[in-house]
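A quick write-up on the structure given underneath.
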Amino acid sequence: MLVQDRKIIKPSKTQSTKPQEHFNFSTWVSSNFPKIIVISLLIVTVAVVFFVRNDTVSILYSGKSRSKSLKPTQFPKISFSSIQPNSDKSSPFATFRSERWIVVSVSNYPFDSLRSLVKIKGWQVLAVGNSRTPANWELKGAIFLSLEQQAKLEFRILEYLPYDSYVRKSVGYLFAIQHGAKIIFDADDRGEVIDWEVGKRFDLDLFGVDAMQERILQYNRENPNRTVVNPYIHFGQRSVWPRGLPLENVGEIVHEEYYNEVFGGMQFIQQGISNGLPDVDSVFYLTRKLGSEAFDMSFDEHAMKVALPQGVMVPLNSFNTLFHSNAFWGLMLPVSVSSMASDVLRGYWAQRLLWEVGGFVVVYPPTIYRKDEIEAYPFSEEKDLHVNVGRLIKYLVSWRSGKHRLFEKIMELSYSMAKEGFWTEKDVKFTGAWLQDLLAVGYQQPRLMALELDRPRASSGDADRKEFIPRKLPSVHLAVEESGAVNYEIGNLIRWRKSFSNVVLILFVSGPVERTALEWRLLYGRIFKTVVILSAKSDVDLAVEEAQPDQVYKYLPKIFERFSSAEGFLFLQDNTILNYWNLMQGDKTKLWITDKVPQSWTTISLIGNNSVWFSKQAKMVKKVVNTMPVHLQVGYKESGTSEPSLTICSSEVFYIPQSFVGDFVDLVGLVGNAKIHHKIALPMFFMAMDSPLNFDSLLNTMIYNTQALSSNPLDYYSAKVAAVHPWSISSEPDFIKLIRLMAAGDPLLMELF
């Protein structure tokens, strides 16, 4: 369920019992009609006048709101130097102060884990309610903020918060800061802190001499193209990935070759790992186990904590993350994105801004245990997360600001993220309200520091390199235990990725992209540099580009130009399964096509053929051939037959190396506006570019089952050929069935799906 854009009426300064409800005169009249009959005519008249006046004002106001909503995204004008203080005058805890807070969102009666949290010495638990929280919620030792109490706090952000979401924790963060917080542990009411000691693994003291002289392991910085890492690999679970990791990165399962080190004291955001049920996305949760089993994973508790350098990010969440005061501004949970994406977007947004104050993120060994309640993960709520997060990370790493104050930079970034479509104008306004509330409760902006991101990357000498080899802990995938063959399988995956890491896969999807686009990227993105998805209808959210099926070849030059440094381009239709492990034998300097597969490639004689369509296509082909440069025209005529004929290729799969891209683009230009069908144009292009005798024979062995529609795919699929046709994928269950078959060639698929 997407976060709802519900409007909350700003509470008055009086002690109202239900500030979220406003007086509706017409309702009052209806419920008290019998009494009104006996009221004097004068009072009725006054009441009517009052009703009309308020109704008119309401209409005028709504009209202004509608006209205002049509305007483009506006940059809020805020004077941060003139914010009036906001002290707690209404809650029973107005005089209470504590430096260490645990903030949780509660929708149910207290769990045993929450009862244990309140017993941790030196920490104050703050439970933030929402519309689903029981009205009589209570827990001794915890401060509970109901919707009614939240409204009385008069924070500006209340206007933008949904009633029924955990993102109302933002009110709790402000309340904690207002009441003396120096450290905030952003937690889950179902998480049990290991050994009931928050400071056992987290770093609570950053300003002592020992803390500032401590050397912390850090991911190496020599690869300028790496912008995100999977921290679970470092802690012993290479086959698991966190929610928020771009799906195209889940196949990167090799551990760090070496690490660097960084001095401590600036790890203002600290992310813990969760045993039991770690923070995983719905793709992992729904495909990695049977429906009746519960996850109970363990991470390496002895692994060293690890820091992230500037330019490299990691997914952060809102149920096991510790914030020091220098990063309190980064606690804001966005309100215009889905609930499952809110804390992830916050994490990446905060990491980028953290670099501006010299801070960094550190990931720690297991700090909590979460029990898997075997609840279905809502994949629909993660849609915008999977689609946008990779692009967001790249955008944030490249983003720069010339502002001279942190809050000005925060506003600038939030505004630019709205313009880029990562969230909406609502979050721009919400950011402004959040920053003003921070200042109002007494928070002071951290000072800016020089950005290291733009400095030249110095090569690490042997003395600066630190080795750490993560343990390989037992992992379960689709109810199958890992075996000793895993190292061999990983070696194969590395070889495949190395061979095709600079090949762009172009996938044309004829089915519903909203059901399959993410799965296709996850399957093939492990091997190929980039997966470009085309369809008859574009989908911006899913990064699907539009290309008409019968003219798709005309769109390819745009992709060639976009990835000009690619080694080659492999085209695939979604009705054909690519067994990529069998492509290693192919020569990537040659053309690949199905010219020796008779069901896919056929030549039709035009003598005695009365087909009007064939005749029109043949005339257009002849016209194009006559305008070809000499080398292409001679090549085409030598490859064809002497009698009038037309070659047709279904073009389910073909490969074009970089050396032939120029000829292909020229041929598309010669076709121009002529409506030569894709199945006619492709064989014409290939025969013109090179002799069929020189085509690589890799695809000649593909399985092409013309009786497939009435057959069971299990009967004709083989992992020993390069491709299998036809195949139908229209849903996630279809993918699971396919993956079980493809695992015969790539056993690691059982882990990654």
Side-chain angles (χ1 to χ4, degrees), residues 91-93 96-130 132-146 149 166-169 171-173 175-176 179-205 235 242-243 269-280 294-302 305 316-324 331 333 343 363-375:
S91 79
F93 317 101
F96 178 79
R97 294 291 183 274
S98 178
E99 293 188 352
R100 297 177 178 179
W101 290 74
I102 300 175
V103 179
V104 299
S105 172
V106 292
S107 299
N108 303 289
Y109 288 108
F111 297 105
D112 289 340
S113 54
L114 184 56
R115 297 181 188 278
S116 300
L117 277 180
V118 300
K119 297 178 181 179
I120 299 178
K121 295 182 180 179
W123 291 82
Q124 176 58 54
V125 172
L126 174 62
V128 182
N130 55 61
R132 294 173 291 164
T133 310
N136 59 343
W137 196 98
E138 186 178 4
L139 178 61
K140 184 178 179 179
I143 294 177
F144 173 57
L145 292 180
S146 65
Q149 290 171 317
Y166 79 92
V167 301
R168 296 193 72 87
K169 290 175 80 173
V171 176
Y173 307 143
F175 183 90
H179 290 77
K182 298 296 178 58
I183 300 175
I184 293 178
F185 180 35
D186 201 8
D188 180 19
D189 64 339
R190 296 181 299 175
E192 299 179 1
V193 175
I194 295 177
D195 296 332
W196 311 116
E197 186 179 348
V198 178
K200 182 175 181 178
R201 293 203 171 91
F202 284 128
D203 293 318
L204 305 183
D205 177 19
F235 294 98
R243 177 173 55 95
I269 300 180
Q270 305 175 13
Q271 177 65 62
I273 299 291
S274 171
N275 277 341
L277 175 63
D279 185 22
V280 294
F295 279 127
D296 191 9
M297 298 185 191
S298 295
F299 291 83
D300 186 3
E301 62 179 9
H302 301 294
K305 59 191 176 188
L316 303 179
N317 58 51
S318 60
F319 62 79
N320 189 19
T321 312
L322 188 139
F323 288 75
H324 281 266
L331 282 161
L333 288 165
D343 57 344
V363 185
Y364 292 75
T367 52
I368 67 170
Y369 178 88
R370 282 203 313 161
K371 184 179 179 181
D372 183 4
E373 301 293 344
I374 318 181
E375 298 175 357

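Along the sequence shown, the residues carry numbers beginning at 1.
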Checklist entry - Taking Asn275 for the side chain and Phe299 for the main chain, is one N or O donor matched with an acceptor at less than 3.5 Å? => result yes

Item to check | Side-chain (Gln271) to main-chain (Asn317) donor-acceptor, under 3.5 angstrom | outcome: yes

Next on the checklist: Less than 4.5 Å apart, side chain to side chain, heavy atoms only: is that true for Phe144 and Thr133?
Outcome noted: yes

Item to check | Side-chain donor/acceptor of Glu99 to backbone N/O of Ile183, under 3.5 Å | outcome: no

Checklist entry - Under 4.5 Å between any side-chain heavy atoms of Tyr369 and Pro366, yes or no? => result no

Checklist entry - If we only count heavy atoms from C-beta on, is the Asn320 to Arg370 side-chain gap below 4.5 Å? => result no

Checklist entry - Any sub-3.5 Å donor-acceptor pair from Arg243's side-chain atoms to Asp279's backbone N or O? => result no

Checklist entry - Which atom names give the shortest non-hydrogen contact between Pro278 and Met297, and what distance separates them? => result CG-SD, 3.9 Å

Checklist entry - At what distance, to the nearest 0.5 angstrom, does OG of Ser146 lie from CD of Gln149? => result 4.0 Å

Item to check | Within the 6.0 Å centroid threshold, strictly below: Phe185 and Phe202 | outcome: yes

Item to check | Whether Arg168 side chain and Ser105 backbone form a donor-acceptor pair below 3.5 Å | outcome: no

Checklist entry - Between Ile120 and Val125, does a side-chain contact (heavy atoms from CB on, under 4.5 Å) hold up when you go through it step by step? => result CA-CA 9 Å; Ile120 299 178; Val125 172; over 6 Å; no

Item to check | Polar side-chain atom of Ser113 near backbone of Asp189 as donor-acceptor pair, under 3.5 Å | outcome: yes

Item to check | Minimum side-chain heavy-atom gap Arg115-Leu139 below 4.5 Å | outcome: yes

Checklist entry - Does the pair Glu192/Lys371 count as a salt bridge with the N-to-O cut at 4.0 Å? => result no

Checklist outcome for this item: Only one of Val106, Val103, Val167 passes side-chain contact (heavy atoms from CB on, under 4.5 Å) with Val128, and that residue is Val103

Item to check | Side chains of Leu333 and Tyr173 in contact at under 4.5 Å (non-hydrogen atoms) | outcome: yes

Checklist outcome for this item: Ser318 meets the side-chain hydrogen bond (donor to acceptor under 3.5 Å, both in side chains) criterion, sequence neighbours left out, with Asp343

Item to check | Polar side-chain atom of Gln270 near backbone of Asp203 as donor-acceptor pair, under 3.5 Å | outcome: yes

Item to check | Main-chain N/O of Phe295 paired to Asp372 side chain as donor or acceptor, under 3.5 Å | outcome: yes

Checklist entry - Can you tell me how far CD of Glu373 sits from CG of Leu277, rounded to the nearest 0.5 angstrom? => result 9.0 Å

Checklist outcome for this item: For Asp205, the side-chain hydrogen bond (donor to acceptor under 3.5 Å, both in side chains) test, sequence neighbours excluded, returns none

Checklist entry - Do Phe93 and Phe175 come within less than 4.5 Å of each other through their side chains, counting heavy atoms only? => result yes

Item to check | Check: His179 and Leu126 side chains under 4.5 Å, non-hydrogen atoms | outcome: no

